[in-house]
Trainee: 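I have a structure I would like to understand better, so I am pasting it below and will then ask my questions one at a time.
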Protein chains: 2
Amino acid sequence: MQYTTNSSQQLKRKMAIPGAIISSIGDLSVLTGAKQLSLDINSKVESEEFSTHPIGIISNGVVGLQHSLNDGRRSISSLFFCDDMLDFRLSDKVSGTFVCFAPVELTLFKVEEIERLCLENPQVLDVLFKSHLKAWGDVISHSVDLARKSAVEKLASFIFECQGRCANTRQNTIHLILKRIDIADYLGLRPETLCRAFAKLRQNDLIEFDNTDHIHICNETALQKVARGGSIETLSG
Amino acid sequence: MQYTTNSSQQLKRKMAIPGAIISSIGDLSVLTGAKQLSLDINSKVESEEFSTHPIGIISNGVVGLQHSLNDGRRSISSLFFCDDMLDFRLSDKVSGTFVCFAPVELTLFKVEEIERLCLENPQVLDVLFKSHLKAWGDVISHSVDLARKSAVEKLASFIFECQGRCANTRQNTIHLILKRIDIADYLGLRPETLCRAFAKLRQNDLIEFDNTDHIHICNETALQKVARGGSIETLSG
DNA sequence: CGTGGGCTTGAAGTCAGTCAACCGAAGTGG
DNA sequence: CCACTTCGGTTGACTGACTTCAAGCCCACG
């Protein structure tokens with residue numbers, strides 16, 4: 001893990017200026033206390049150093065909030081993609097740990113500084129509220145997926161989530177980024193079941209793929225239908 | 001549905017001053033634009049009138065965010081109890097509708113007014129952030145329940161959620177408020193399965209109940225263990 | 001007294017989990 | 001260079017948990 005305390009000038013140069021929040025701030029000279037981090041894949045994002053800087057914005061990679069039941073069952077409640085905001089104070093409230101599912105770069109902020117920015121610039125406040133609302137909505141959408149959908153439906157839904165939330169995805173070819181086992185934990189499935197779901201979608205010509213991390217949507221409307229809980233029964237296999 | 005546009009004086013008198021947000025404001029004379037609503041059980045909270053006042057704080061009752069899949073499967077992604085804040089702009093983002101699971105009283109605010117309050121009083125901003133964080137954490141906790149837990153574990157977890165979030169609950173006797181079918185939809189179960197889960201917990205002397213809406217926790221530590229995914233296998237039945 | 005809704009119980013069906021084996025790619029070491 | 005290991009992914013057979021379908025119970029309410 002690498003630490004850098006940035007001046008605003010450094011921030012401007014080094015960062016791809018992640019997220020609407022940072023870009024809404026405009027004058028980055030106010031962000032004297034921000035920290036930038038680089039994290040390896042599969043590394044836990046330890047919470048101690050975030051007690052002072054609990055607000056993070058991802059400029060690269062994917063972070064997941066991971067939970068373990070007493071007997072070891074693992075689940076991932078939320079994923080955070082590029083430009084998403086995450087709040088490390090969550091890990092106390094929900095007893096989970098943040099884990100990197102790809103090499104990650106993120107920028108950390110103090111709460112007081114964020115609040116000060118809001119007071120100075122109402123536009124920042126507005127963007128921050130919108131960001132909260134988006135994060136909230138993302139988790140809710142995911143819990144709808146978990147509650148009642150079948151394995152194929154969950155997967156179809158996940159594919160569209162990646163399409164919508166993940167930056168380096170273009171048109172109908174989608175970079176999944178995560179490994180099968182992590183997708184499975186995110187969808188509340190075992191990897192074997194997830195694998196069978198992939199196979200079913202492929203057999204029905206809804207998606208196609210050669211390697212595991214890139215898939216192509218062949219029939220978007222049909223896949224949408226599956227994702228929304230319609231007519232799984234027409235799927236063979 | 002009844003409408004009342006309140007002056008601050010009316011607010012002070014008529015409301016039980018719901019939530020840390022309102023109480024943090026202190027001087028209620030700023031809240032000239034707030035609206036108070038009374039809603040019947042099972043009524044949908046229609047979104048049209050909330051385009052101007054999308055922020056609500058519940059002073060009584062329970063509201064749920066309800067979703068339907070194409071083939072009619074129903075699920076409830078979030079519950080909002082007394083003093084909880086809800087944002088009606090969510091219903092656009094996640095294609096769900098807010099429904100009352102008990103007679104509800106809530107107070108509505110304009111976004112601009114909330115933002116203005118934040119700018120005038122940093123304490124309000126702080127409380128609002130905390131409120132966002134709590135709401136976020138609640139949904140995440142729920143999605144952990146949905147992902148990997150068995151029916152009994154989900155129920156055990158739900159009981160503690162009620163204990164922690166629901167106001168008129170005291171010690172180990174818990175008012176469930178919701179009907180079985182609504183609890184089932186919230187936990188991603190069928191009512192029959194939920195019923196069997198209740199029976200199992202009762203058979204193992206973890207809870208007891210005569211009528212359906214009040215239960216008593218007999219063995220809290222054991223129930224906690226179940227809720228966290230430990231040793232279901234010791235449960236008979 | 002009859003009706004209906006909410007809840008419960010039972011029997012049968014289905015989907016996802018479990019366990020095991022296999023495959024291919026990547027990395028390691030002799 | 002090849003044997004060996006490891007890991008992620010895949011496939012098959014079997015088991016188990018939740019669903020489905022059906023019926024019955026209980027109490028409030030007309």
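Atoms considered below: every heavy atom in the structure, side chains included; atoms not considered: hydrogens, waters and symmetry mates. Here is how names work: the chains are called A, B, and so on, in the same order as the sequence lines, proteins then strands, and each is numbered from 1.
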Trainee: Which side chain to side chain donor-acceptor pair (under 3.5 Å) pairs, counting each pair once, include a residue from residues 184-195 of chain B, with sequence neighbours left out?
Mentor: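 Found A:R148-B:D185, B:R74-B:D185, B:E161-B:Y186.
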Trainee: Among C:dT18, C:dT9, C:dA16, which nucleotide sits nearest the side chain of A:R190?
Mentor: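 For the A:R190 side chain, the nearest candidate turns out to be C:dT18.
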Trainee: Rounded to whole Å, please give me the gap between NZ in B:K200 and P in D:dA17.
Mentor: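 Between P of D:dA17 and NZ of B:K200: 7 Å.
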Trainee: Starting from the 5' end of DNA chain D, give me the residue, A:K179 or A:R148, whose nearest nucleotide shows up first.
Mentor: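 Nearer the 5' end of the strand: A:K179.
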Trainee: What does B:T193 touch in the nucleic acid at a heavy-atom separation under 4.0 angstrom: a base, only the sugar-phosphate, or nothing?
Mentor: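 Since a base atom lies under 4.0 Å of B:T193, the category is base.
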Trainee: Can you measure A:I215 atom CD1 to D:dG9 atom P for me and round it to whole angstrom units?
Mentor: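 These atoms are roughly 14 Å apart.
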Trainee: Indicate whether OP1 or OP2 belonging to D:dT10 is found under 4.0 Å from a side-chain N or O atom of A:R180.
Mentor: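 Yes, A:R180 has a side-chain N/O under 4.0 Å of OP1/OP2 on D:dT10.
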Trainee: Using a cut-off of strictly less than 4.0 Å, decide whether B:R196 has a side-chain nitrogen or oxygen near OP1 or OP2 of C:dT9.
Mentor: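 The answer is no; no side-chain N or O of B:R196 sits under 4.0 Å from OP1 or OP2.
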Trainee: Output the rounded distance in Å from CG (B:L194) to P (C:dT8).
Mentor: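 It is 8 Å, rounded to the nearest whole Å.
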Trainee: Would you kindly give the CG-to-P distance between B:D213 and D:dA28, to the nearest whole Å?
Mentor: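 In whole Å, D:dA28 P and B:D213 CG are 12 Å from each other.
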Trainee: Should the pair A:K134-A:D84 be classified as a salt bridge under the 4.0 Å nitrogen-to-oxygen rule?
Mentor: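 Yes.
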Trainee: From D:dT10, C:dT8, D:dG9, pick the nucleotide closest to the side chain of A:F209?
Mentor: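 In terms of side-chain proximity for A:F209, the closest of D:dT10, C:dT8, D:dG9 is D:dT10.
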Trainee: Please identify which of these residues, A:D182, A:L178, A:L176, meets the side chain to side chain contact (heavy atoms under 4.5 Å, CB included) condition with A:R180.
Mentor: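 For A:R180, the side chain to side chain contact (heavy atoms under 4.5 Å, CB included) check succeeds only for A:L176.
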Trainee: Starting at CG of B:D182 and ending at P of C:dG6, how long is that distance when rounded to a whole Å?
Mentor: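 Spelled out: CG on B:D182 to P on C:dG6 is 9 Å.
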Trainee: Expressed as a whole number of angstroms, how long is the span from B:D210:CG to C:dT8:P?
Mentor: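 For the pair B:D210 CG and C:dT8 P, the rounded distance is 12 Å.
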Trainee: Is there a donor and acceptor pair, one atom on the side chain of A:E192 and one on the base of C:dC19, closer than 3.5 Å?
Mentor: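 Such a pair exists between side chain and base.
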Trainee: Just the rounded figure in Å: distance from C1' of C:dA26 to CG of A:N211.
Mentor: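 The distance from CG of A:N211 to C1' of C:dA26 comes to 16 Å, rounded to the nearest Å.
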Trainee: Would you say that A:L37 contacts A:L108 through its side chain, given a criterion of any heavy-atom pair below 4.5 Å between the two side chains?
Mentor: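 Yes, close enough: below the 4.5 Å cut-off.
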Trainee: Rounded to whole angstroms, how far apart are CG on B:D185 and C1' on D:dT19?
Mentor: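 One finds 14 Å between C1' of D:dT19 and CG of B:D185, rounded.
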Trainee: Looking only at side-chain atoms of B:L189, point me to the closest of C:dT8, D:dC18, D:dG9.
Mentor: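 Given the options C:dT8, D:dC18, D:dG9, the side chain of B:L189 is closest to D:dC18.
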Trainee: Are the aromatic rings of A:F50 and A:F98 close, with centres under 6.0 Å apart?
Mentor: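 Here the rings of A:F98 and A:F50 have centres that are no less than 6.0 Å from each other.
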